[in-house]
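Throughout, a chain's letter reflects where its sequence line sits, starting with A, and its residues are numbered from 1. Just so it is clear, the model here is predicted, and its values are computed rather than measured.
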Number of protein chains: 2
Amino acid sequence: MLVMPPMQEPTFLVLTALTGEPLHGYGILQQVTALSGGTVVLGAGTLYGALDRLTEQGLIAVEREEAVDGRLRRYYRLTDEGAGRLSVEVERLRRNANAAAAGLRRRATGNVTLPGLA
Amino acid sequence: MLVMPPMQEPTFLVLTALTGEPLHGYGILQQVTALSGGTVVLGAGTLYGALDRLTEQGLIAVEREEAVDGRLRRYYRLTDEGAGRLSVEVERLRRNANAAAAGLRRRATGNVTLPGLA
DNA sequence: CCGCGATATTACGTCAACCGTAACGTAGGA
DNA sequence: TCCTACGTTACGGTTGACGTAATATCGCGG
């Protein structure tokens with residue numbers, strides 16, 4: 001109940017986008033597109049849903065609100081807890097990637113036996 | 001419509017478990033538990049749901065069926081397409097992990113500026 | 001001898017997250 | 001004028017994961 005590891009790509013990238021300076025929703029949208037090399041383009045529903053959820057979980061927080069030309073800009077920043085959570089996720093991704101890569105390599109070299117584990 | 005990248009952890013681990021020899025459902029359950037270091041324990045619903053889905057997508061295939069003590073064992077193997085798909089996922093995970101790690105490092109060192117991207 | 005855990009799969013119902021799109025409003029360029 | 005960029009809100013829909021129970025055989029401990 002105190003754990004809740006698995007995080008999907010959009011959520012992960014939102015946190016990643018906020019490791020830099022605080023950004024508002026639209027800025028996050030662009031940042032995510034940029035750091036995914038254009039392969040991930042979040043829809044509005046996904047983005048703002050994630051922001052509400054992450055705020056509620058304390059992984060991000062509202063930094064400030066600005067009004068530009070009557071358009072609202074709500075800036076979010078990554079909390080320390082969010083940064084901690086993100087680094088846990090990074091380890092999980094690396095671990096999974098390595099396990100799969102090892103399996104694929106074994107397969108490619110014809111070695112079929114599976115070792116127990118690390 | 002020809003693309004369908006994002007894959008969640010359970011699905012990813014099922015494919016990873018099958019990079020070795022063909023396994024039946026219950027064997028996959030154990031293998032996933034093992035290679036995740038015990039942190040991921042799939043429920044029956046998740047596992048068999050994933051197997052049906054992946055079979056339908058052609059990423060895995062039924063190798064053979066066996067009956068042991070009246071208990072059915074359906075063995076699955078990873079298809080070439082599944083292996084290809086898995087390696088694509090590996091790259092995606094690594095890319096995301098690296099992007100997040102870079103951001104966290106910058107944050108830790110006080111450097112706040114975000115570079116464009118790789 | 002009875003219950004429990006391991007072995008294996010099927011079959012639910014539920015929920016969280018993602019997806020897509022429309023709506024609302026300003027502003028600037030083709 | 002229409003379309004795009006900006007920026008957020010508000011839906012409805014789909015999917016994958018989750019949890020648990022049903023079914024059935026077997027072996028072990030009490």
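- Remark: P of C/dG5 and OH of B/Tyr26 are 12 Å apart, rounded to the nearest angstrom.
- For the 3.5 Å distance criterion, the side chains of B/Arg94 and A/Asn98 qualify, holding a donor opposite an acceptor.
- B/Val62 and B/Leu23 fall within a single hydrophobic cluster, where Ile, Leu, Val, Met, Phe, Trp and Tyr are joined by side-chain heavy atoms under 4.5 Å apart, directly or via other members.
- Ion pairing between a basic and an acidic side chain is recognised when a charged N comes within 4.0 Å of a carboxylate O; B/Glu91 and B/Arg95 show no such pairing.
- A salt bridge links A/Arg85 to A/Glu89: one of the charged nitrogens lies within less than 4.0 Å of a carboxylate oxygen.
- In this structure, CG of A/Leu29 is placed 13 Å from P of C/dG20, rounded to the nearest angstrom.
- One atom, CD of A/Gln57, and another, C1' of C/dA17, lie 11 Å apart when rounded to the nearest Å.
- Ion pairing of A/Arg92 with B/Glu9 is present here, as a side-chain N (NZ or NE/NH1/NH2) and a carboxylate O approach within less than 4.0 Å.
- If you measure from atom CG of B/Leu51 to atom C1' of C/dA11, you get 15 Å, rounded to the nearest angstrom.
- In this structure, A/Arg53 places its CZ atom 8 Å from C1' of C/dC18, rounding to the nearest Å.
- Residue A/Gln30 is in sugar-phosphate contact alone, with no base atom involved, counting any heavy-atom pair closer than 4.0 Å across all strands shown.
- Between B/Gln8 atom CD and C/dC15 atom P there is a gap of 18 Å when expressed in whole angstrom units.
- Between B/Asp80 and A/Arg107 there is a salt bridge, with a side-chain nitrogen of the basic residue lying less than 4.0 Å from a carboxylate oxygen of the acidic one.
- Protein chain B contacts DNA chain D over a range whose 5' and 3' limits, counting nucleotides with an atom under 4.0 angstrom from a non-hydrogen atom, are D/dG16 to D/dC26.
- Residue B/Gly25 is in sugar-phosphate contact alone, with no base atom involved, counting any heavy-atom pair closer than 4.0 Å across all strands shown.
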Any N/O pairs under 3.5 Å between the protein and nucleotides 25-30 of chain C? List them or say none.
unit_1 : atom_1 : unit_2  : atom_2 : d
C/dT26 : O2     : A/Arg71 : NH1    : 2.5

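- Between the CG atom of A/Leu47 and the P atom of C/dG20 there is a distance of 14 Å, rounded to whole Å.
- Rounded to whole Å, the distance from CG on A/Leu42 to C1' on C/dC19 is 10 Å.
- In this structure, CZ in A/Arg73 is found 9.5 Å from CZ in A/Arg64, a value given to the nearest 0.5 Å.
- Between B/Tyr48 and C/dT10, a side-chain N or O to OP1/OP2 separation shorter than 4.0 Å is absent.
- One distance of note links CD of B/Glu66 with OH of B/Tyr75; it measures 4.5 Å at 0.5 Å rounding.
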